[in-house]
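One structure is given below, encoded as structure tokens.
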Amino acid sequence: MLLEQIKKPNDIKEIAPEDYGILAEEIRKFLIEKISKTGGHLGSNLGAVELTMALHLSLKLPEDQIIWDVGHQSYTHKLLTGRRDGFDTLRKFHGLSGFPKRKESDCDAFDTGHSSTSISAGLGLVKARDIKGEKNTIISVIGDGSLTGGMAYEALNNASRLETNFIIILNDNNMSISENVGGVSKYLNNIRTADSYLGMKEGIYNTLRAIPKGDNLVGKIRRAKNSFKQLVIPGMFFEDMGITYLGPVDGHNVKALMKVIGEAKRVKGPVLIHVITQKGKGYGPAERHPARFHGAEPFDIEKGIPTNPRTTPNYTDIFSTVMCKLGQRDEKVVAITAAMPDGTGLKRFRNMYPERFFDVGIAEEHAVTFAAGLAAGGMKPIVAIYSSFLQRAYDQILHDVCIQNLPVVFAIDRAGLVGSDGETHQGIFDLSYLSSIPNMHIMAPKNKWELSDMVKFAVDFGAPIAVRYPRGEAYAGLEEFRAPVKLGVSEMIYEESQVAIFAVGSMVKEAEKVRTLVKEAGYGCSIINARFVKPIDEEALKKAAADHCLIVTMEENVASGGYGEKVRELITREQLPVELLTITIPDIYVEHGNVELLKKEIGIDAQNVAEGIINIMESMKQS
């Protein structure tokens, strides 16, 4: 097996060129087998096998550096840098990350997880290289989806001024190669990257610049040359910015890729290689259903279906259903997503009301300001974005929505711990960053029925408001508790004495387990569903302080800026005669792993919380 021969970086160079195709097949087979057991990003990795091979064959790692945009397509890169044995622990606690991690390998040049960042990071590495007088090659790999993010264009604008080599690879898996364009491009690429051509061009330009008004002549020559290139080169957008365009090139032809990378390395300036790939290549189900295999759960290889299919709805499903009902009732309701119609549950709304659905691509900042414009125009926009990705639009929420107090609803999916995707995807900061903004209101539902009620409340609220809910199965417990949603009013679930637990959203379910353990230890325990994180229910907290000796807050958010911090401020300000225990996620970045295991590890699971409460109560009894 060829793959077994690759035990460290650059070992791929010992593989004979005639065996590249065999190695690519082995890599695909390996990835399919491993990801079918662990889950992970399959489609993007299957599409980038040959491209990754060509990069490793053309570069010397870790001296040369590759920055993977988003990074979920880096599995082959990990294989080729000697991490094959770690794939049994892929995305598990203390196991191999599903994204590049500098702490995991010297060959991972930059930690990524969110999109549209690779060109900026690569440009920084290039400038650092140049300042230090080094000569290594730096390549940023970005997908056509990530290129919809505005940050990519900000970086391209700056990269265009470079006078040293910087290679950008556009991994385009949403286009087919045109034979006519491909043939002409291949011909022009060979001419424009030949040593004689590059040397002659640089010599002519330098000579012209040395004479009076030479810069004007250079500009005229370039404009005349570009008028012809506009007809035959598909990458003139990049060329006009001052970035040399090479391609399109077949992203599944290792030798062709190596050739064009070699040509790109000779360019003294920024160069973009346009690579055409097929997402999910080599595995039929992933080729036919690329969205389904973007982030796959463990699956049956033969059937291409999940090993443990869901039998109960998750929170995204509930949101999807209520959105369709709201769209039917109110023609002003519009939905916005940033390239995630499936992930956010808006696919059904799109099918039912296409004229009121907007997918803006990977452009969260634009999505929020676009929603603000819709609201200013009299519509009722709902922006559905994952918690981790919404933080990219903080300024737009503050500046464009909340200053104007516009009625934009933020449906924040994947709030709290999300598990296997790790630090870059945990939704554990939204309560903090949203709470800091005046005019913002924040809710969190305890179960599936409350999510439905809260979304309906939010649409008619008339001011900026967020509903944050977790990933995974929608909790169906506590169905009998369904008080109407009122601004800033919590909900009493169980009323006793001694201990009062104020739980936020998903932590209500955990609080039920805590209550059982606390009562077994002989203490009374109330549970209050906080419902609102902003504004908090001050009256309920004051009442709890009068009737209990210990208030406990529980939330899936970091301590700084969270619900518990607000409660502590109230208790201090009002000098309430009660002890306070805040259960939060420590102010750390939480790594990848099973959610229940992560909760236990960071101390917010029922057992740890109950032990903390009982210890406090025992110490109170003794004092």
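Between D108 and the choices H77, K101, R102, the side chain to side chain donor-acceptor pair (under 3.5 Å) rule is met once, by H77. Residue E297 forms a salt bridge (charged side-chain N to carboxylate O under 4.0 Å, His left out) with just one option from R91, R471, R292, K37, and that option is R471. Just one residue in the list L3, T52, I22 forms a side chain to side chain contact (heavy atoms under 4.5 Å, CB included) with I27, and that residue is L3. Between S146 and the choices T117, D69, N171, T112, the side chain to side chain donor-acceptor pair (under 3.5 Å) rule is met once, by D69.
Looking only at side-chain heavy atoms (C-beta outward), Y433 and L390 come within less than 4.5 Å of each other. With contacts defined as side-chain heavy-atom distances shorter than 4.5 Å, the pair L156/I243 qualifies. Counting heavy atoms from C-beta on, the side chains of V590 and I588 come closer than 4.5 Å. Considering only heavy atoms from C-beta on, Y153 stays 4.5 Å or farther from I119 through its side chain. Looking only at side-chain heavy atoms (C-beta outward), L80 and L55 stay at 4.5 Å or farther from each other. Side-chain contact between R350 and R356: absent, with no pair of heavy atoms (C-beta onward) separated by less than 4.5 Å.
In this structure, F30 and F87 have perpendicular ring planes: the angle between them is above 60°, well past the 30° mark. Taking the six-membered ring where tryptophan is involved, the planes of Y245 and F238 are essentially parallel, since the angle between them stays under 30° and well short of 60°.
Here H592 and H94 keep their ring centres 6.0 angstrom or further from each other. Residues Y386 and H425 place their aromatic rings such that the two centres sit no closer than 6.0 Å.
The minimum heavy-atom distance between L46 and A286, with the atom names listed, is CD1-CB, 4.3 Å. In terms of heavy atoms, G251 sits closest to L257 at O-CD1, 3.4 Å.
Using a cutoff of 4.0 Å between basic side-chain nitrogens and carboxylate oxygens, R392 and E364 are scored as salt-bridged. Contact check on K78 versus E104 returns a salt bridge, with a Lys/Arg side-chain nitrogen under 4.0 Å from an Asp/Glu carboxylate oxygen. A salt bridge does not link K8 to E14: none of the charged side-chain nitrogens sits closer than 4.0 Å to a carboxylate oxygen. A salt bridge between K103 and E423 is present, with a side-chain N of the basic residue lying under 4.0 Å from a carboxylate O of the acidic one.
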* Determine, stepwise, if the pair K255 / E50 fulfils salt bridge (charged side-chain N to carboxylate O under 4.0 Å, His left out). => CA-CA 9 Å; K255 294 178 181 178; E50 288 87 358; over 6 Å; no
